[in-house]
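Reviewing the structure listed below.
To find a chain, count down the sequence lines: A is the first, B the second, and so on, and within it residues start at 1.
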There are 2 protein chains.
Amino acid sequence: MDSINNSELIDGIEITPLKQILDERGGVFHIMKKSDSGFLSFGEAYLSKINKDKIKAWKNHREMTQNFCVPFGSLKLVLYDDRDLSPTQGVINTFQLDDNNNYKRITIPPMIWYGFQCKSADYCLLLNIADIEHDPNESTILPQENNKIPYLW
Amino acid sequence: MDSINNSELIDGIEITPLKQILDERGGVFHIMKKSDSGFLSFGEAYLSKINKDKIKAWKNHREMTQNFCVPFGSLKLVLYDDRDLSPTQGVINTFQLDDNNNYKRITIPPMIWYGFQCKSADYCLLLNIADIEHDPNESTILPQENNKIPYLW
């Protein structure tokens, strides 16, 4: 089984710290600007709601670049690289994303397997700013347990 | 004092119902797609967090078109039209936005005064998909109580 090694970041993944400017009324949470280095184009913004402990895995987009952040609750994100010519082929990365100390943006290029699990007490929200619109024909799914991805939830 | 009259929608405001596709694991909340009729361009996405009962008012953008929805909690949004040539000059609109029965997108063109108040028990989150990046030079602010906008919070 391949090792889980976050010290070797999967090639093409970008981690961007995001500002939270807080005051007594609340605050402003940055997400993404057109001028950000990782921005390609805007296709669609949507939210995934994930209930406590629930897992959504696995999916792989052939065309979509995704930009994930968690504006409510806490989530574990798992990525797996099986690209033939990738310098990080076989690497798994895991990330904790949340609305507090781990408020950051993870940019995921096409052809990376991903899945996630809610780690907060009630539910969490995962926001995706994607460069193309949702299209079921450009993605592949695999069941949570399979013979291809060496990760046990 | 001008009347608050949501039956007369301020000229240029668009209200778009948004889908929530729910299942036992959670769901998917639509926000905005490039092909949506109200979409102009993508400049920036950010969230405002508003604590219980707190008010943020008033602001007016000279250039930015905003697309608001509330993915967590509940919020009252108030709009005021003082545009000289508008057919709805003087009209105030109020909207309840939330993550449940009032999950919808409000598109606000430039030159409309807006403010909002958290109406949920803890806090709420207001998401804005704006057509230009944040720029403090293209907006005007007024204090919550002023002699221009006939609305008492």
Side-chain angles (χ1 to χ4, degrees), chain A residues 18-36 39-57 67 69-73 75 99-100 103 105 115-118 120 122-136 144, chain B residues 18-36 39-57 67 69-73 75 99-100 103 105 115-118 120 122-136 144:
Chain A
L18 295 175
K19 276 192 189 165
Q20 292 184 332
I21 303 149
L22 301 174
D23 62 30
E24 55 90 30
R25 293 184 302 170
V28 172
F29 293 9
H30 285 188
I31 299 171
M32 185 156 227
K33 292 188 290 190
K34 188 179 186 174
S35 62
D36 285 344
F39 181 75
L40 296 174
S41 64
F42 176 81
E44 180 165 3
Y46 66 89
L47 285 155
S48 292
K49 178 179 181 178
I50 310 105
N51 293 330
K52 181 183 179 185
D53 297 332
K54 295 293 182 184
I55 295 165
K56 294 187 182 183
N67 292 283
C69 71
V70 170
F72 177 74
L75 174 130
D99 56 9
N100 194 354
Y103 186 65
R105 191 174 71 226
F116 40 79
Q117 180 174 29
C118 177
S120 43
D122 187 4
Y123 69 94
C124 68
L125 294 172
L126 172 65
L127 177 63
N128 184 14
I129 308 280
D131 69 332
I132 59 170
E133 295 193 19
H134 171 72
D135 171 7
Q144 187 177 312
Chain B
L18 295 175
K19 276 192 188 165
Q20 293 184 332
I21 303 150
L22 301 175
D23 61 31
E24 55 89 30
R25 294 183 302 171
V28 171
F29 293 9
H30 285 187
I31 299 171
M32 186 156 228
K33 292 187 291 189
K34 189 179 186 175
S35 62
D36 285 345
F39 181 75
L40 296 174
S41 64
F42 177 82
E44 181 166 2
Y46 66 89
L47 285 155
S48 293
K49 177 179 181 176
I50 310 106
N51 292 330
K52 181 183 178 184
D53 296 332
K54 295 294 182 185
I55 296 165
K56 295 187 182 182
N67 292 282
C69 72
V70 170
F72 177 74
L75 173 131
D99 56 10
N100 194 355
Y103 185 65
R105 192 173 71 225
F116 41 79
Q117 181 174 29
C118 177
S120 42
D122 186 5
Y123 69 93
C124 68
L125 295 173
L126 172 64
L127 177 63
N128 184 13
I129 308 278
D131 69 331
I132 60 170
E133 293 194 20
H134 171 72
D135 171 8
Q144 186 177 313

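- Note that NZ of B:Lys54 is 9.0 Å distant from CG of A:Asp23, once rounded to the nearest 0.5 Å.
- How far CZ of B:Phe72 is from NZ of A:Lys49: 10.0 Å, rounded to the nearest 0.5 Å.
- Contact record, B:Ile31 with A:Ala45: CB-O, 3.1 Å, taken as the closest heavy-atom pair.
- When heavy atoms are compared at a cutoff of 4.5 Å, A:Ile50 approaches chain B by way of both its backbone and its side chain.
- Looking at residues two or more places apart in sequence or on another chain, you find no salt bridge (charged side-chain N to carboxylate O under 4.0 Å, His left out) involving A:Lys34.
- Between chain A and the options B:Gln20, B:Met32, B:His30, the largest number of non-hydrogen pairs under 4.5 Å is found for B:Met32.
- To the nearest 0.5 angstrom, A:Arg25 atom CZ is 12.5 Å from B:Cys118 atom SG.
- Using a 4.5 Å cut-off between heavy atoms, B:Lys56 contacts chain A through both its backbone and its side chain.
- If you measure heavy-atom distances from B:Ile55 to chain A, the contacts under 4.5 Å come from the backbone alone.
- With a 4.5 angstrom heavy-atom cutoff, B:Ser41 does not touch chain A via any of its atoms.
- Across B:Gly43, B:Ala130, B:Cys69, the residue that shares the most heavy-atom pairs under 4.5 angstrom with chain A is B:Gly43.
- When the salt bridge (charged side-chain N to carboxylate O under 4.0 Å, His left out) test is applied to A:Asp36, the partners found at least two apart in sequence or on another chain are A:Arg105.
- Taken from CG in A:Leu47 to OH in B:Tyr103, the straight-line distance is 5.0 Å, to the nearest 0.5 Å.
- Separating the NZ atom in A:Lys33 from the NE2 atom in B:His134 is a distance of 8.5 Å, to the nearest 0.5 Å.
- Heavy atoms of B:Asp99 lying under 4.5 Å from chain A belong exclusively to its side chain.
- Contacts of B:Glu24 with chain A are made by both backbone and side-chain atoms, with heavy-atom separations under 4.5 Å.
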